[in-house]
Chemist: 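This structure is in structure tokens; I'll ask about it shortly.
All of these numbers come straight from a predicted model, not from anything done at the bench. Below, read A as the first sequence line, B as the second, and so on, with proteins coming before strands; counting in each chain starts at 1.
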Amino acid sequence: MGTVTRFAPSPTGYLHIGGARTALFNWLYARATGGKFLLRIEDTDRERSTDAATQAIFDGLRWLGLDWDGNAYSQFARKERHAEVAYAMIDNGHAYKCYATKDEIDAFRASPEGKYGSFQSPWRDADPATAPDAPYVIRLKAPRDGVMEIHDEVQGKVVWKNAEFDDMILLRSDATPTYMLAVVVDDHDMGVTHIIRGDDHLINAGRQSLIYMAMGWDIPVFAHIPLIFGDDGKKLSKRHGATGAEEYRAMGYLPDAMRNYLARLGWSHGDDELFTTEQAIEWFDLKSINKAPSRFDFKKLDNVSKYHIETVSDDVLLAGLQDYIGSQDREPLTNDAVVKLKSVLPIVRERSKKLPDLLDKARFILGARPFAPDVDEVKYLNSVFNGILKRLTPLLAEVTTWSKEELETLFRDLAEKEGVGLGKIAQPMKVVLSGTTKSPSTFDMMVAIGRAETLARINDAAAYMAIPE
RNA sequence: GGUCCCUUCGUCUAUCGGUUAGGACAUCUGGUUUUCAACCAGGAAAGAGGGGUUCAACUCCCCUAGGGACUACCA
């Protein structure tokens, strides 16, 4: 039997980056073992679940490239089946109807005994004949003796005394299932073999095992992964920066980089830091997941991002770029722009940490004349440079081979003749060619746009510099 | 409060009883340079504390401290 993993988010907001990593681990494990990765929306909480959130989760997952097998399941849609199992558990003596009202339970909690102990329903061992004709919930009849032991792939052996578990509610008084019942039934029905989830669910593995056992079902393999914190060690929240997957898209990170970085948070394969998704799939295993929580580090993410922008294929980069542009609510690149961009990809992908950096560098090819200098770059276009530019222009017109080497030689010779450093000429030229110094190499740009365009831009710049001081 | 989980450089981590405790990011120093968010070289930087077990412990056990999760008719 092949492995089946699942990601089961509740649709109450965007896709949290921590959830995204959980999804990634499940996806990686499924792909690594040739199994299936399923998606289930845990929408049994009708108050908080929204379609918009469901959509956001789909979008986030799709952006990250975490494709799920088959259609996404709606947990709520399966409520009849959940109820059926709850009643089956009454029949086999592992659950009972509890008529305690909300007020009674609240009163218990407010009492001294209720402060720390869990609610003990008087209906657990009551004679069914005495049951009133009133709404009821179905509770698990949790064992009072013995221990529950699970073997978690990440956490190892974990043991609880059964007495620690309360008679949790399985089916609410409105006949909808609670999370605890629904997960178990769904995971069983969906054939889930490995449950990889946040370790905030660790104790639930014990509780849920009780249900599996009550129904005589096979208990899946558990792997509870530690949570991701912010850089201060506190729960990752808004003030740490972005928490939603979509935000990372809007910041200009490639999905490939996110997968790499997220995979590396809590999981490792020796000293490998930078890797492709294919490699991650090949290397991924549950045993190498760390037990300690990790902190999200944007600096490191940037470094990983830079690597992927440099190494990913042209098509992937271009697709990522278009996607990023879309996230900014901007018009996609035209076919013409794409062709132009593609021709300079090698020189603009270098030194770019994020997609917007790359786009900045591509200004010289995507923009149009005249290239007005950025305010803080105007200083390069001074009178000294103006003089040099006048002597440079005819030289450029005569260059025999318009190549990087030739141009560089020409610039160096001129610099020597002028008695200045190469930077005094090449640097202002960047501003002439692109309006900014945050551009690719001067010579690379000149070669990319050609002689005529170079001369034309010099002419444009001359106009700026002609203005008397 | 109770139960459970966690603890190696600032950060992410390697180490499966024997290592000068390694790598990466960040940081510092020097170099290079056509900007730099680039590159090159080098440096500083860690086993929470205390007990055991063992010839030998970061590694196994216990205690303490600190952090976290759970403790809902939420998931």
Chemist: State plainly whether the residues A:Lys361 and A:Glu350 are in salt-bridge range, i.e. N to O under 4.0 Å.
Modeler: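 Judged by the 4.0 Å cut-off on N to carboxylate O distance, A:Lys361 and A:Glu350 do not form a salt bridge.
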
Chemist: Thinking salt bridges, do A:Arg78 and A:Asp186 make one under a 4.0 Å N-O criterion?
Modeler: yes

Chemist: If we take the P atom in both B:C58 and B:A46, what is their distance in whole Å?
Modeler: 15 Å

Chemist: Does anything in residues 429-442 of chain A reach RNA chain B, meaning a heavy atom under 4.0 Å, and if so which residues?
Modeler: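 Correct list: A:Lys430, A:Thr437, A:Lys438, A:Ser439, A:Ser441, A:Thr442.
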
Chemist: Strictly below 4.0 Å: does A:Lys300 bring a side-chain N or O up to OP1 or OP2 of B:C12?
Modeler: no

Chemist: Using atom P in both nucleotides, what's the gap between B:G42 and B:G23 to the nearest angstrom?
Modeler: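 It comes out at 11 Å once rounded to the nearest Å.
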
Chemist: Between A:Thr178 and B:A72, is there a side-chain N or O to OP1/OP2 distance below 4.0 Å?
Modeler: no

Chemist: OP1 or OP2 of B:A14 versus the side-chain N and O atoms of A:Asn290: is any pair under 4.0 Å?
Modeler: yes

Chemist: B:A26 C1' sits how many Å from A:Phe298 CZ, rounded?
Modeler: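 It is 15 Å, rounded to the nearest whole Å.
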
Chemist: If the C1' atom of B:A26 is compared with that of B:G18, how far apart are they to the nearest Å?
Modeler: 33 Å

Chemist: Taking the P atom of each, how far is B:C73 from B:U64, in whole Å?
Modeler: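 One P to the other, the span is 33 Å.
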
Chemist: Distance check, C1' atoms only: B:U11 and B:A44, in whole angstrom units.
Modeler: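 Pairwise C1' distance, B:U11 against B:A44, rounds to 16 Å.
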
Chemist: Hey, is the main chain of A:Glu405 close enough, under 3.5 Å, to the side chain of A:Glu408 for a donor-acceptor pair?
Modeler: no

Chemist: Does A:Lys306 put a side-chain nitrogen or oxygen below 4.0 Å from OP1 or OP2 of B:C39?
Modeler: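 So the side chain of A:Lys306 is within the cut-off, an N or O lying under 4.0 Å from OP1 or OP2 of B:C39.
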
Chemist: On a whole-Å scale, what distance lies between the C1' atoms belonging to B:A21 and B:A14?
Modeler: 9 Å

Chemist: Could you work out, with salt bridge (Lys or Arg N to Asp or Glu O under 4.0 Å) as the rule, every residue matching A:Asp187, not counting sequence neighbours?
Modeler: A:Arg6, A:Arg40

Chemist: Taking NZ, NE, NH1 and NH2 as the nitrogens, is one of them in A:Glu164 or A:Lys161 under 4.0 Å from a carboxylate oxygen of the other?
Modeler: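 Looking at A:Glu164 and A:Lys161, the cut-off is not met.
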
Chemist: Given B:C73, is OP1 or OP2 found less than 4.0 Å from the side-chain N or O atoms of A:Arg109?
Modeler: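 So the side-chain polar atoms of A:Arg109 do come within 4.0 Å of the phosphate oxygens OP1 or OP2 of B:C73, strictly under.
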
Chemist: Students often mix this up, so state it plainly: with edges at 30° and 60°, are the rings of A:Phe284 and A:Trp267 parallel, tilted or perpendicular?
Modeler: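 Tilted.
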
